[in-house]
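Heads up, the thing below is written out as structure tokens.
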Amino acid sequence: TLTINGGTFTSEHAESYLIGTWGVTTVNGGTFRSVYNNVNAFAGKLSINGGDFAIAGYTGEYESADVFAESGVASIYGGKFSTDPSEYLAEGYVVNVTDGVWGVEISPEPEDVLGDVNGDGDVNVLDVMLILKALVDDEFIEDGDMNDDGVITLVDIIRVLKTVAE
């Protein structure tokens, strides 16, 4: 088991890895600079929670990347990268690119949209059908209560239909 909490790690050797793991490696922070690949999970488990990873100057025949999982498993929960780490993102995490740097962060919670009963991010005919079903079954669906009166009525259905038509 290897845990890296900080420090600066550099390599100027082409076609070599700055860190290769066959066991369990956790990177919580640090600065990683290499020509080819920074970290490779050869056969182990790699977790990256933070750190600043950058590669530059490689002109060889192989694809270079900040993170690579040859036969192991890599999961990224945070950090900044000079190459796209999307392939290794842990569930619930996203990449945001700013000035050529890929930053990993927790996915934002979807906004609660009034009328979006099924939670797909859009108010559409599917939501109208679910609100109609709630009216018929005398059920309450908070996101279907368009006038916030605490009950599902025809008024709510008319309002969600107007939203769909917009």
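- Under a cut-off of 6.0 angstrom, the local environment of CD in Glu87 is sparse, with at most 12 non-hydrogen atoms contributed by other residues, nucleotides or ligands.
- Using a 30° and 60° split on the angle between ring planes, Phe53 and Phe32 fall in the parallel class, below 30°.
- In terms of heavy-atom proximity, Ile141 sits nearest to Ala134 at CD1-CB, 3.5 Å.
- Counting heavy atoms from C-beta on, the side chains of Thr21 and Phe42 never come closer than 4.5 Å.
- Within 6.0 Å of CG in Asp138 there are 12 or fewer heavy atoms belonging to other residues, nucleotides or ligands.
- Linking ILVMFWY residues whenever their side-chain heavy atoms come closer than 4.5 Å, directly or via other members, places Leu130 and Phe140 in the same cluster.
- Criterion: ILVMFWY side-chain heavy atoms under 4.5 Å apart, direct or through other members. Under it, Leu135 and Leu126 are not part of a common hydrophobic cluster.
- Atom OG of Ser75 and atom NZ of Lys45 lie 6.5 Å apart (nearest 0.5 Å).
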(request) Please assess Met146 against Val155 for the test side-chain contact (heavy atoms from CB on, under 4.5 Å), listing each intermediate value before the final yes or no. (result) CA-CA 8 Å; Met146 301 295 286; Val155 171; over 6 Å; no
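- At least one side-chain heavy atom of Ile152 sits under 4.5 Å from a side-chain heavy atom of Asp145.
- In this model, no donor atom of one side chain and acceptor atom of the other lie less than 3.5 Å apart for Thr31 and Asp52.
- The CD atom of Glu142 lies 9.0 Å from the CG atom of Leu114; values are rounded to the nearest 0.5 Å.
- Asn124 contributes no side-chain N or O that, together with a main-chain N or O of Val164, makes up a donor-acceptor pair within less than 3.5 Å.
- A continuous path of Ile, Leu, Val, Met, Phe, Trp and Tyr side chains, each step under 4.5 Å between heavy atoms, connects Ile48 with Leu2, placing both in one hydrophobic cluster.
- Taking CZ from Phe68 and OG1 from Thr83, the interatomic distance works out to 11.5 Å, rounded to the nearest 0.5 Å.
- Using a 4.5 Å heavy-atom cutoff, the side chains of Val95 and Phe81 are not in contact.
- Note that OH of Tyr36 is 12.0 Å distant from OG of Ser11, once rounded to the nearest 0.5 Å.
- Nearest heavy atoms, Pro108 versus Val94: CD-CG2, 4.4 Å.
- The side-chain heavy atoms of Asp143 and Val113, taken from C-beta on, include no pair separated by under 4.5 Å.
- Here the closest heavy-atom approach between residue Ala74 and residue Val67 is recorded as CB-CG1, 4.0 Å.
- A side chain to side chain contact (heavy atoms under 4.5 Å, CB included) with Val123 is found for one member of Thr163, Val128, Asn118 and no other, namely Thr163.
- Side chain of Asp66 to backbone of Asn38: no donor-acceptor contact under 3.5 angstrom is found.
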With side-chain contact (heavy atoms from CB on, under 4.5 Å) as the test, would you mind laying out the steps for Ile19 and Ile4 before giving the verdict? CA-CA 11 Å; Ile19 298 170; Ile4 299 171; 3.4 Å; yes
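- Contact record, Phe9 with Gly6: CE1-O, 3.5 Å, taken as the closest heavy-atom pair.
- The two residues Gly72 and Ala69 have their closest heavy-atom pair at O-CB, 3.5 Å.
- Hydrophobic cluster membership is shared by Tyr93 and Val97, with clusters built from Ile, Leu, Val, Met, Phe, Trp and Tyr side chains linked at under 4.5 angstrom.
- Asp156 approaches Thr153 most closely through the heavy-atom pair OD2-N, 2.8 Å.
- In this structure, the separation between CD1 on Ile55 and CG on Leu18 is 11.5 Å, given to the nearest 0.5 Å.
- Taken together through direct or relayed side-chain contacts under 4.5 Å among Ile, Leu, Val, Met, Phe, Trp and Tyr, Tyr88 and Val73 form parts of separate hydrophobic clusters.
- Taking CG of Asp127 as the start and CD1 of Ile157 as the end, the distance is 12.0 Å to the nearest 0.5 Å.
- More than 12 heavy atoms of other residues, nucleotides or ligands lie within 6.0 Å of CD in Glu105, so this atom counts as buried by the packing criterion.
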